[in-house]
Amino acid sequence: QVDVTAMVRLFGYVDVTDAGFLAAVLSIAFNPLFWNVVARWEHKTRALSRVFGSPHAACYCLGAVILMLNCVRSHCFTEAMKSQPKMEGLDSHWAYYSGLAILAVGTLFVISSFLALGFTGTFLGDYFGILMEAKVTHFPFSVLDNPMYWGSTAVYLGWSLMHASPAGLLLTAVVAISYTIAMLYEG
C-alpha cells in the first residue's frame, strides 16, 4: 500500500488550474512532441531540406526553433513557480544548496552531451540524413542513456528546490514524464 500523504501535501501548495501553471505544462509537453513530429516528417519527406536548400541549413533552423521553444518553456516554468506559494520545509539553506548542486550536475550533463554530439547531433541531424561517424560512448553517454534529457530534468529539479517550489517539483515530474514518452517514441 502506498502512502500518498506527501503527494497530498504537495498538491495543497499547487493550483493546477492557474493559467501560468497550465501554460508551463503545455509548453513542457509540446516541445518534445513538436521536435519528434517535425523530425519524423522531415525524415519521410525531406521537405525542410528542400525548402532550406540543404539538410544542414534545415537542421540548423530546426535547432534554432527548438532552442527558442526551450526558452519559452523555461520562462513559463519559472513564472509558474513564482506565481505559486513556497513550501516552508524547502525554504532553507540545505534545500537551496542541494538544488544548486543538482542544477550544476544537470548542466554538466546537458553541456557535455552537446559537446559530444555537436549541434546537428543534438538537434536531430540523423533525421536529416546527417549521421555521425560512430555512436558516442564516452562521457556523459558512458554514465547514462539520454544524458541530455536527464540533465535537463535535473536542471528543472534543482531550480525548483532552489525556489522551494512545490509547483516546480510537480512541473519537473511533467518534464520527466514528457521526456520518458519522447525516449520511448524516439527509441
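Quick caveat, the model's predicted, so the values are computed rather than measured.
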Do [X] and [Y] sit in the same hydrophobic cluster, where Ile, Leu, Val, Met, Phe, Trp and Tyr count as joined when their side-chain heavy atoms come under 4.5 Å apart?
{"X": "Met183", "Y": "Val37", "answer": "no"}
{"X": "Val25", "Y": "Ile181", "answer": "no"}
{"X": "Leu131", "Y": "Tyr60", "answer": "no"}
{"X": "Ile177", "Y": "Met148", "answer": "no"}
{"X": "Val136", "Y": "Val110", "answer": "no"}

[X] to [Y] - nearest heavy-atom pair and separation:
{"X": "Ala24", "Y": "Ala80", "value": "CB-CB, 4.0 Å"}
{"X": "Gly99", "Y": "Leu161", "value": "CA-CB, 3.7 Å"}
{"X": "Tyr185", "Y": "Arg40", "value": "O-NH2, 2.6 Å"}
{"X": "Met81", "Y": "Gly168", "value": "CG-CA, 3.5 Å"}
{"X": "Asn70", "Y": "Asn31", "value": "OD1-ND2, 3.0 Å"}
{"X": "Ala116", "Y": "Phe139", "value": "CB-O, 4.4 Å"}

Under the side chain to side chain contact (heavy atoms under 4.5 Å, CB included) test, residues paired with [X] that sit two or more places apart:
{"X": "Ser54", "value": "His56, Ala57"}
{"X": "His93", "value": "Tyr97"}
{"X": "Ala47", "value": "Trp41, Thr45, Arg50"}
{"X": "Leu144", "value": "Phe109, Pro147, Trp150"}

So, the side chain of [X] versus the backbone of [Y]: is there a donor-acceptor pair under 3.5 Å, distance only?
{"X": "His75", "Y": "Cys71", "answer": "no"}
{"X": "Thr107", "Y": "Leu103", "answer": "yes"}
{"X": "Asn36", "Y": "Pro32", "answer": "yes"}

Requested in this report: Could you walk me through whether Ile28 and Tyr156 pass side-chain contact (heavy atoms from CB on, under 4.5 Å), step by step?
Outcome: CA-CA 11 Å; Ile28 290 165; Tyr156 285 114; over 6 Å; no
If I take atom [atom1] from residue [X] and atom [atom2] from residue [Y], how far apart are they, to the nearest 0.5 angstrom?
{"X": "Ser83", "Y": "Asp18", "atom1": "OG", "atom2": "CG", "result": "4.0 Å"}
{"X": "Leu69", "Y": "Phe30", "atom1": "CG", "atom2": "CZ", "result": "6.0 Å"}
{"X": "Thr180", "Y": "Leu184", "atom1": "OG1", "atom2": "CG", "result": "7.0 Å"}

Are [X] and [Y] side-chain neighbours, meaning at least one heavy-atom pair lies under 4.5 Å?
{"X": "Tyr96", "Y": "Leu90", "result": "no"}
{"X": "Ile111", "Y": "Leu115", "result": "yes"}
{"X": "Val14", "Y": "Leu171", "result": "no"}
{"X": "Tyr149", "Y": "Val175", "result": "no"}
{"X": "Phe77", "Y": "Val72", "result": "no"}
{"X": "Ser165", "Y": "Lys86", "result": "no"}

Requested in this report: Please list all pairs passing the salt bridge (Lys or Arg N to Asp or Glu O under 4.0 Å) test where one or both residues lie in residues 55-82, with sequence neighbours left out.
Outcome: Glu79-Lys82
Using a 3.5 Å cut-off and no angle test, enumerate the donor-acceptor pairs between side-chain atoms of residues 119-130 and protein atoms at least two apart in sequence or in another chain.
| unit_1 | atom_1 | unit_2 | atom_2 | d |
| --- | --- | --- | --- | --- |
| Thr122 | OG1 | Gly118 | O | 2.8 |

Do [X] and [Y] meet the criterion of a side-chain donor-acceptor pair at a distance under 3.5 Å?
{"X": "Thr137", "Y": "Ser142", "result": "no"}
{"X": "Tyr179", "Y": "Ser152", "result": "yes"}
{"X": "Asp15", "Y": "Gln84", "result": "no"}

Query raised in the report: Is it true that atom CH2 of Trp159 has more than 12 heavy atoms of other residues, nucleotides or ligands lying nearer than 6.0 Å?
Result: no
